[in-house]
Each structure stands twice: as C-alpha cells, then as structure tokens.
Amino acid sequence: MGGDSLVEENERNNGSGEAEEKPRTRHKGKHDKEKPWDDPSIDHWKIEKFDPSWNESGMLEVSTFSTLFPQYREKYLQECWPIVKGALKEYGIACELNLVEGSMTVSTTRKTRDPYIIVKSRDLIKLLSRSVPAPQAMKVLNDEMQCDIIKIGGLVRNKGRLEKRKNHLIGPNSSTLKALEILTGCYILVQGNTVAAMGSFKGLKQVRKVVEDCILNKMHPVYSIKILMMRRELAKDPTLANENWDRFLPRFKKKNVKQKKVKTKEKKVYTPFPPPQPPSKIDLQLESGEYFLSDQMKQAKKWHDKQEKQAEKIAESKKRREAGFVPPEEPKKQSNAHADDKTNVADLALSLKKKTKDFGMRESAEKLDAADYIAVPDMTSSKKKSKRSRTS
C-alpha cells in the first residue's frame with residue numbers, strides 16, 4: 001500500500017512540474033527606466049570643480065608617488081622647488097626633493113581633501129623630470145588640464161632614424177610643432193626619448209596619434225596637420241555633425257623611396273675544427289734559420305737589413321727630387337701637328353719649284369727677238385765676200 005502511494009505522489013509531482021514549465025518571454029528594455037542623469041541638458045563631459053565639503057573627513061591612508069629625474073635637471077629643480085612646494089601646499093600635498101638619490105616624492109597629508117589631487121601631483125613631478133618648465137607643469141593641477149607622456153624611444157631601434165623623425169616632428173624653427181599646438185590646443189615638448197603633452201583628452205588623443213604615426217614612419221606630420229585642419233573646418237558645419245567625414249579627408253599614398261642594397265656577407269661553411277694556429281715568432285725564426293745564428297750574426301743581419309731599407313728610402317727620395325727636373329712629355333697631338341707641318345712645307349716647296357720652272361719657260365718664250373724673223377741684208381756676209389775678192 002505504501003509503495004502505491006509513493007508512485008502516485010511522484011506522478012502528481014511530475015505532472016505539476018510539466019504544467020509549471022512554460023516558455024519564458026524576454027522583454028527588451030525591461031530595465032531601461034528613466035534615470036535622473038539621462039537628461040540632454042546635462043553635459044556629461046563637463047568637469048565640476050572639487051568642493052572640499054564633499055570630503056570633510058579627509059584621506060584614510062597615505063598615498064605616495066616618487067619619480068627619478070636626470071642630473072642635468074638638478075639645478076633647475078633646486079631653483080623652482082619653493083614655487084612647486086607652495087602650489088602643492090594649497091591642495092594639502094607634501095613634496096620632497098632628494099638630490100642624493102635624484103628623486104622627487106609627493107604624498108597626501110591630513111589636510112588633503114581631493115582624492116584625485118595626488119594623481120595630478122604625480123603627473124606634475126613627471127612633467128618636471130621631462131624638462132617641462134615649472135610654471136607650465138603646475139597648470140596640470142587644474143581639473144580641466146590633463147597630461148600624457150608618450151614614450152618614443154622603443155618605437156625605433158636605430159638612433160639616427162629616431163633623431164631624423166624627431167626633427168620631422170619639430171620642423172624648421174619648430175614650425176610643425178607650433179602648428180600642432182594650435183590645432184590640438186595642447187602644449188607639446190619633445191625631449192630625449194619622450195614627448196610630453198598637456199591639454200584636453202581630445203587634444204591629447206590627436207597628439208598621440210600624430211606622434212606615433214611620425215615616429216613609426218606611417219605619415220609625415222605635415223599631412224597629419226592638413227587632415228586636422230580639414231576636420232576643424234568640417235566641425236564648423238552643423239549639417240555634417242552626424243555624418244562620416246572620411247570622404248572629405250585626403251588620402252596620402254606612401255611613396256617607396258629606393259634604398260641602398262645592404263651588402264650581405266657570404267656565410268662561411270661551418271667546420272667543427274678550430275682554425276690553424278698562426279706561427280709564433282720563434283717558429284718563423286726556426287723556418288728562416290735565424291734562430292740558430294749567434295748574437296753577432298743576428299746583429300750583423302739586422303744592420304744589413306737596416307742599410308737596405310735606408311738605401312731604398314734614399315733612392316725613393318732622390319727619385320722624388322729628380323722628378324721635378326724631368327721635362328714633361330710633349331702631347332701626341334702637338335707631334336702630329338708638327339708632322340703635318342713638315343709634309344705641308346715639302347708639298348709647298350715642290351709646288352714652288354714647279355711654278356718657278358713654268359715661269360722660266362714662259363720668260364724664255366717671251367724673250368724672242370722679232371728681228372730674227374725679218375729679212376735684212378747680212379753685213380757680215382758681204383764683208384766676207386769682199387775680202388775673198390781682194391785676195392783673189
């Protein structure tokens with residue numbers, strides 16, 4: 001009987017469980033109730049000034065931050081430390097300058113009311129260690145001012161390239177850096193392996209992107225400045241507030257500049273055996289036979305070698321001195337010109353001889369007497385005839 005009753009109870013329980021299991025419906029926006037801060041009139045980005053009445057009891061624990069500074073900053077920090085100490089005292093922060101360890105320390109006190117001011121004072125000593133002037137660094141204590149220290153030393157391995165890209169970022173007469181400061185509304189200082197920036201969150205984000213793009217050689221700062229200027233102009237148009245601006249922004253293509261080919265050294269074949277040991281001085285003497293010579297013979301050989309070297313040097317110096325008195329060789333062009341002149345003179349002489357011969361022949365032809373061709377009684381022949389007649 002008892003077993004039957006238990007089975008009945010189990011069946012009832014199973015039936016009731018099946019009846020209870022129903023598909024659960026999820027209501028979207030079930031917990032989206034109106035909240036007091038979901039008001040469009042409230043500016044969520046506005047930073048309200050801290051009121052000491054919000055934290056009258058002060059801090060429960062002491063918070064401390066310390067940072068090291070380079071040695072070249074020691075003198076400046078000694079001079080400006082009283083001003084820094086006075087500025088931090090207003091917020092109830094204690095500060096210490098340790099010149100032995102080369103560190104600056106800030107810590108909260110019982111008078112500290114603002115819990116975030118210790119973080120601001122930590123940023124202050126960081127900026128001071130990165131060569132930011134004290135009057136500028138103290139502005140970070142204001143609620144509206146933020147800071148960012150960008151580490152650029154580890155982005156590039158080659159120091160020469162890093163310096164070159166830092167110069168790109170600074171520009172001639174710091175013109176590029178000034179343009180970035182105006183467009184982003186931030187104070188920028190390039191020092192060593194870091195870039196210190198001070199300003200609003202939006203400006204710091206822009207500065208970090210420009211600096212990293214420049215150091216990683218992704219985009220030149222001049223192109224980044226052009227894009228920032230266009231964004232500034234687009235922000236003035238209220239119709240484009242909810243649109244994508246990528247179609248208006250310029251796209252700069254990266255030009256591949258031909259680089260010098262790196263000379264790769266041929267890998268030597270690996271051998272497990274070490275290289276042969278170079279011969280020592282004694283081994284060389286044994287090979288030449290000098291090791292077995294007596295001291296006198298060694299000195300004589302040394303003197304003989306010295307004399308030979310001296311004679312060679314004297315001959316070289318003599319040759320060098322005599323080289324100044326050796327006449328220079330005439331150029332081949334001039335010699336060819338002289339040969340041409342000689343041939344020309346010979347040809348001229350032959351032509352002259354020919355002309356004189358022709359001229360002589362002409363003269364002989366011109367000296368002919370006309371009387372030879374006229375019939376005139378010969379006086380000499382008549383005289384001869386008269387003589388013959390007399391003799392007869």
Side-chain angles (χ1 to χ4, degrees), residues 156-176 192 215 217 220 222 254-367:
V156 184
R157 286 184 180 180
N158 194 341
K159 288 185 178 178
R161 281 182 187 171
L162 180 64
E163 289 298 320
K164 198 174 182 180
R165 288 171 192 177
K166 273 165 65 180
N167 291 336
H168 287 168
L169 185 63
I170 294 163
N173 299 323
S174 304
S175 57
T176 311
I215 301 300
N217 202 27
H220 198 278
V222 172
K254 191 177 178 182
K255 292 179 182 178
N256 292 325
V257 182
K258 287 185 179 180
Q259 296 180 349
K260 291 181 181 178
K261 291 182 180 179
V262 181
K263 292 180 181 178
T264 54
K265 292 181 180 178
E266 293 180 0
K267 289 184 178 179
K268 294 179 181 178
V269 181
Y270 173 74
T271 54
F273 306 105
Q277 192 176 357
S280 64
K281 194 176 180 182
I282 295 166
D283 293 335
L284 294 168
Q285 286 178 351
L286 285 166
E287 283 178 11
S288 61
E290 191 181 344
Y291 184 78
F292 304 103
L293 297 173
S294 63
D295 293 340
Q296 288 181 355
M297 291 176 79
K298 282 180 183 177
Q299 285 179 1
K301 190 180 178 184
K302 195 176 180 181
W303 181 82
H304 183 68
D305 293 342
K306 192 177 178 182
Q307 289 293 323
E308 282 183 353
K309 285 180 182 177
Q310 197 172 359
E312 284 176 5
K313 285 184 178 178
I314 288 165
E316 283 178 7
S317 60
K318 190 177 180 182
K319 195 176 180 181
R320 212 183 300 117
R321 273 189 260 105
E322 287 177 353
F325 300 100
V326 175
E329 291 183 2
E330 292 182 356
K332 290 181 180 179
K333 288 181 180 179
Q334 291 182 1
S335 63
N336 292 334
H338 285 303
D340 293 340
D341 290 343
K342 285 177 182 177
T343 53
N344 291 336
V345 168
D347 293 339
L348 191 71
L350 286 168
S351 64
L352 284 169
K353 280 179 183 178
K354 197 174 181 182
K355 283 178 181 179
T356 50
K357 196 175 179 181
D358 294 340
F359 187 71
M361 288 173 74
R362 283 175 191 170
E363 277 190 345
S364 61
E366 286 173 1
K367 284 181 181 179

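Within 6.0 Å of the CD atom in Glu308, the count of heavy atoms belonging to other residues, nucleotides or ligands exceeds 12. Around atom CG of Leu350, more than 12 heavy atoms belonging to other residues, nucleotides or ligands sit under 6.0 Å away. With a 6.0 Å radius and a threshold of 12 heavy atoms from other residues, nucleotides or ligands, Lys298 has its NZ atom above the threshold. Heavy-atom neighbours of Asn173 CG from other residues, nucleotides or ligands within 6.0 Å: at or below the threshold of 12. A 6.0 Å sphere centred on CD of Gln307 holds more than 12 heavy atoms belonging to other residues, nucleotides or ligands.
The CD atom of Glu316 sits 7.0 Å away from the CD atom of Glu312 when rounded to the nearest 0.5 Å. Here Glu290 contributes atom CD and Lys281 contributes atom NZ; the two are 8.5 Å apart, rounded to the nearest 0.5 Å. Interatomic distance, CE of Met297 versus CZ of Phe292, reported as 13.0 Å (0.5 Å rounding). Between atom NZ of residue Lys313 and atom CZ of residue Arg320 there is a gap of 10.5 Å, rounded to the nearest 0.5 Å. In this structure, His220 NE2 and Leu169 CG are separated by 9.5 Å, a value rounded to the nearest 0.5 Å. Here the straight-line distance linking atom CD of Glu266 with atom NZ of Lys268 works out to 10.5 Å at 0.5 Å rounding.
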Where do Glu163 and Lys166 land on the salt bridge (charged side-chain N to carboxylate O under 4.0 Å, His left out) test, with the steps shown first?
CA-CA 5 Å; Glu163 289 298 320; Lys166 273 165 65 180; 3.4 Å; yes
Using side chain to side chain contact (heavy atoms under 4.5 Å, CB included), reason through Leu284 and Tyr291 one step at a time and then give a plain yes or no.
CA-CA 9 Å; Leu284 294 168; Tyr291 184 78; over 6 Å; no
Starting from the C-alpha separation in whole Å, work towards a yes-or-no answer on side chain to side chain contact (heavy atoms under 4.5 Å, CB included) for Ile215 and Leu162.
CA-CA 7 Å; Ile215 301 300; Leu162 180 64; 4.1 Å; yes
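Minimum interatomic distance between Arg165 and Val156 (heavy atoms only, all atoms of both residues): NH1-CG2, 3.5 Å.
Of the possible polar contacts, none joining the Ser174 side chain to the Ile170 backbone as a donor-acceptor pair under 3.5 Å is found.
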